[in-house]
Amino acid sequence: MTRLSGATPSGRAQLGNYLGAIRRWAAEGTADDLYFVSDLHAMTTAYNPQRLRALTREMLAVLIGAGIRPASVFVQSDIMRDLTALTWVLECTSTFGEVARMIQFKEKSAGAKTVRLGLLTYPVLMAADILLQGADEVPVGEDQSQHVELARALARRFNTTFGDVFVVPDLVVPQVAARVRDLADPSRKMAKSSRDDAGVVFVLDSPDLVRRKFRRAVTDTANRVEYRPDEQPGVANLLEILGACTGRSPAEAAAGITTYSALKDQAADAVIEELSGIRKRTLDLLDDPAELDRIRATGAAHAAERGSHRLEAALRVAGLG
Ligand code: AQP
C-alpha cells in the first residue's frame, strides 16, 4: 500500500507542518510511501526563484532530518518531465467546469488583480502527482479533499475511456494530531507563508528565538490554565502544543500549571526538546550539500522509476507515440 503526501516550499517549515504532518510521516510511513517537496505547486502565486530553490532544499532536508526514509522522499520538479506529460493527458481528460469549481481556486483567486493559469490547473498537476505513483491513499486536510476527489474522478474516467491504467486513490482525512495556531493570533492557523512571522515557530528557529516567540504568545485576561478552546483559544493552543510534544492530551498537559508564564515556558521547553533532533540533523544536511544532492538524486530516480511504466501505459492507450 502506497501513501503519498507533499509539503509545499511556500515558506520555511513551521511547527504546524511538523506536528500535524511530517512527524507522523516519519513515524508511520512504510517503505512503499512517498513524500515529496511540491515546488511546482509553489509557483501558482508570485514567488522569488532563488528563494524557491533554497526553500525546496530546506524542506527536503527537513523531511530527511525528521527521519523519513531518504528513498521515500523526492522533489517534485526532479520528475517534472514525466509529471507535466501526464498533466497534459489528464487536462485533456478533465473539463473546464470541474476544475473551475474548486473551492480553493475560488478562494485564492477572489479579489486578486491577476490570477495565474497555474492556480486554476494545479489540481490536475496534483492528480498527476498522485496517479503517476499509483498511490492508494492520499492523506490530506479538508481544504485539499476536493482535489483528491478530482484525481479519483480523472482516474476512473481515464480507465473507462482508454483502458485500466490508474489506481483510483482513496481519500484519507487523517485524525489531526494537532491543528497548531499562530502564537500571536490564535484565530489563524500557523502557516509558513504568514505575512507576520512573530507567531510562527519555524522548525529551524534557534532555541532562544523559540523561547522569545512563546513568551510573546497571546493568551487572555482570565488567568486560568484550563483547556477551554472556545473561551481561551490562545491558552488552548499552548496546551495543545505542550500536549503534542509530551504525548499527553491538552487537559492532562494543564495539570499543575498555574500561571501563563509557566505555561509559556513549559511549552517552549517542550518544543525546543521536540525539535532539537530534527533541527540538528537538518542543519547538518544543509551543511553538506553533496550529501543532500546525493539523497535528492536517489529519491528522484526511485520516483521516476516507480512512475515510468504507468506514464508509458497512459501515453500508449491515449494514442501517443
Ligand atoms: N498549523 C498547522 N497545524 C497542523 N498541520 C498543519 N499543516 C500545515 N499547517 C498546519 C500540515 O502540513 C502539511 C504540509 O502543508 P503544505 O505545505 O501542503 O501546505 P499548507 O497546509 O498550506 O501549509 P502552510 O504552512 O499553511 O503553508 P502556506 O502558508 O503556504 O499555506 C499538510 O499536511 C498540512 O495539513
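Here the structure is a predicted model, which is why all the values come from computation and not from measurement. Start at 1 and go down the list; that is how both ligands and their atoms are numbered.
Checked against a 3.5 angstrom limit, the closest N/O atoms of Trp25 and ligand 1 fall outside it. In terms of polar-atom proximity, defined here as any N/O pair under 3.5 Å, Ser194 makes no such contact with ligand 1. Polar contact check, Ala7 against ligand 1: no nitrogen or oxygen pair lies under 3.5 Å apart. Considering both main-chain and side-chain atoms, Arg181 never comes within under 3.5 Å of ligand 1 through any nitrogen or oxygen pair.
Close approach to Gly20 involves these atoms of ligand 1, each under 4.0 Å from a residue heavy atom: 4 (C), 5 (N). With ligand atoms numbered from 1 in the order given, ligand 1 contributes 8 (C), 9 (N), 10 (C), 20 (P), 21 (O), 23 (O), 24 (P), 26 (O) to contacts under 4.0 Å with heavy atoms of Lys189. Taking a cut-off of under 4.0 Å to the non-hydrogen atoms of Ser193, the atoms of ligand 1 that pass are 28 (P), 29 (O), 30 (O). For ligand 1, the atoms lying closer than 4.0 Å to a non-hydrogen atom of Ser10 are 27 (O), 28 (P), 30 (O).
Under the 4.5 Å side-chain heavy-atom criterion for Ile, Leu, Val, Met, Phe, Trp and Tyr, Tyr47 and Leu55 are members of distinct hydrophobic clusters. Under a hydrophobic-cluster definition in which Ile, Leu, Val, Met, Phe, Trp and Tyr are linked whenever side-chain heavy atoms come within less than 4.5 Å, directly or via other members, Leu132 and Met80 are assigned to the same cluster.
Heavy-atom minimum distance, Ile295 versus Pro70: CG2-CB, 3.8 Å.
Closest heavy-atom approach to atom 27 (O) of ligand 1 within the set Lys192, Lys108, Glu240, Gln14: this belongs to Lys192. Heavy-atom proximity to atom 11 (C) of ligand 1, evaluated over Ser38, Gly141, Ala21, is greatest for Ala21.
Residue-environment remark: CD (Glu273) stays at or below the threshold of 12 foreign heavy atoms within 6.0 Å. The environment of CZ in Arg53 is sparse: at most 12 heavy-atom neighbours from other residues, nucleotides or ligands sit within 6.0 Å. Few gaps surround CG on Leu283; more than 12 heavy atoms of other groups in view lie less than 6.0 Å from it. At most 12 heavy atoms of other shown residues, nucleotides or ligands fall within 6.0 angstrom of atom CZ in Arg81.
Tested against Lys213 for a salt bridge (charged side-chain N to carboxylate O under 4.0 Å, His left out), the candidates Asp205, Asp208, Asp197 yield a single pass: Asp205.
Heavy atoms of Gly16 approach ligand 1 to within less than 4.0 angstrom. Contact analysis puts Gly6 in contact with ligand 1, with a non-hydrogen atom separation below 4.0 angstrom.
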